[in-house]
Every structure is written in C-alpha cells, then in structure tokens.
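Step one of this worksheet: look at the structure below.
These figures come from a predicted structure and were not determined experimentally.
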Amino acid sequence: MSATATPTTPEGYFVDWNGNVRTTTDPGGGYVCDVDTKARYVGVNTKSGILMHEATFYKDLAAIERAGIHAALVPGSHPWGSKDEGF
C-alpha cells in the first residue's frame with residue numbers, strides 16, 4: 001500500500017481530468033481516494049477532505065478497455081495538471 005492510500009482504499013483505477021488512468025491507491029498530487037465499489041465511484045480528495053475530482057471506479061485495466069477507454073496508465077508522480085490550469 002502506498003503512503004497516499006488509506007487501509008480501506010480498494011485497489012482499482014479511474015480516469016483523471018486530463019484523460020490519464022491512475023490507481024486508487026496512488027493517485028498522486030497529495031490526493032487520497034474515497035472509493036465506493038458498489039456505486040463504481042471514486043472521489044479524489046485533498047488530505048483535508050476537499051473533493052477535487054469525481055470519476056468512475058474500474059476494478060482492473062481490462063474493465064477500462066471494455067468501456068472503450070484508451071488512456072495511458074500514469075504513476076502517482078505524474079502531475080495532475082499543467083501550469084496553465086493553475087497547477
């Protein structure tokens with residue numbers, strides 16, 4: 001488990017606002033994920049609890065492909081935006 005995941009964060013994937021695939025256990029940017037697997041929901045929050053992004057939860061990379069999404073899997077170290085977006 002990464003330093004950004006909580007003990008209850010289910011492992012899976014989501015698509016960020018730039019169209020990249022990220023893991024729920026290491027979303028990067030200092031964010032943490034709140035995951036509801038039954039609702040297939042991922043809330044990406046700051047460590048203080050501010051919601052920054054909402055996405056669909058995917059159990060595995062194959063589920064993303066079945067949904068017709070073709071995106072790169074990026075590590076948590078990959079930036080969450082660009083300077084022109086305010087990051």
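- The two residues His78 and Arg22 make their nearest non-hydrogen contact at O-NH2, 3.0 Å.
- Side-chain atoms of Thr23 come within 3.5 Å of backbone atoms of Asp26 as a donor-acceptor pair (strictly under, hydrogens ignored).
- Side-chain atoms of Trp17 come within 3.5 Å of backbone atoms of Trp80 as a donor-acceptor pair (strictly under, hydrogens ignored).
- The side chain to side chain contact (heavy atoms under 4.5 Å, CB included) test applied to Glu11 returns Thr25, not counting sequence neighbours.
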TODO: Using the side chain to side chain contact (heavy atoms under 4.5 Å, CB included) rule, take Met52 and Asn45 through it: C-alpha gap first, then chi angles, then the decisive distance, then the call.
DONE: CA-CA 5 Å; Met52 298 299 291; Asn45 304 307; over 6 Å; no
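- By the criterion of side-chain heavy atoms lying less than 4.5 angstrom apart, applied directly or through intervening Ile, Leu, Val, Met, Phe, Trp or Tyr residues, Leu51 is not grouped with Tyr31; the two fall into different hydrophobic clusters.
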Cut-off 3.5 Å, no hydrogens considered: what does the side-chain donor-acceptor table look like for residues 54-72, sequence neighbours left out?
residue, atom, partner, partner atom, Å
Glu54, OE2, Tyr41, OH, 3.0
Asp60, OD1, Ala62, N, 3.3
Asp60, OD1, Ala63, N, 2.8

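- To the nearest 0.5 Å, atom NE2 of residue His53 and atom SG of residue Cys33 are 9.0 Å apart.
- In this structure, the side chain of Asn18 does not engage the main chain of Asn20 through any donor-acceptor pair within 3.5 Å.
- When the side chain to side chain contact (heavy atoms under 4.5 Å, CB included) test is applied to Ser77, the partners found at least two apart in sequence or on another chain are Pro75.
- Listed for the Thr24 side chain is no donor-acceptor partner under 3.5 Å among the backbone atoms of Tyr13.
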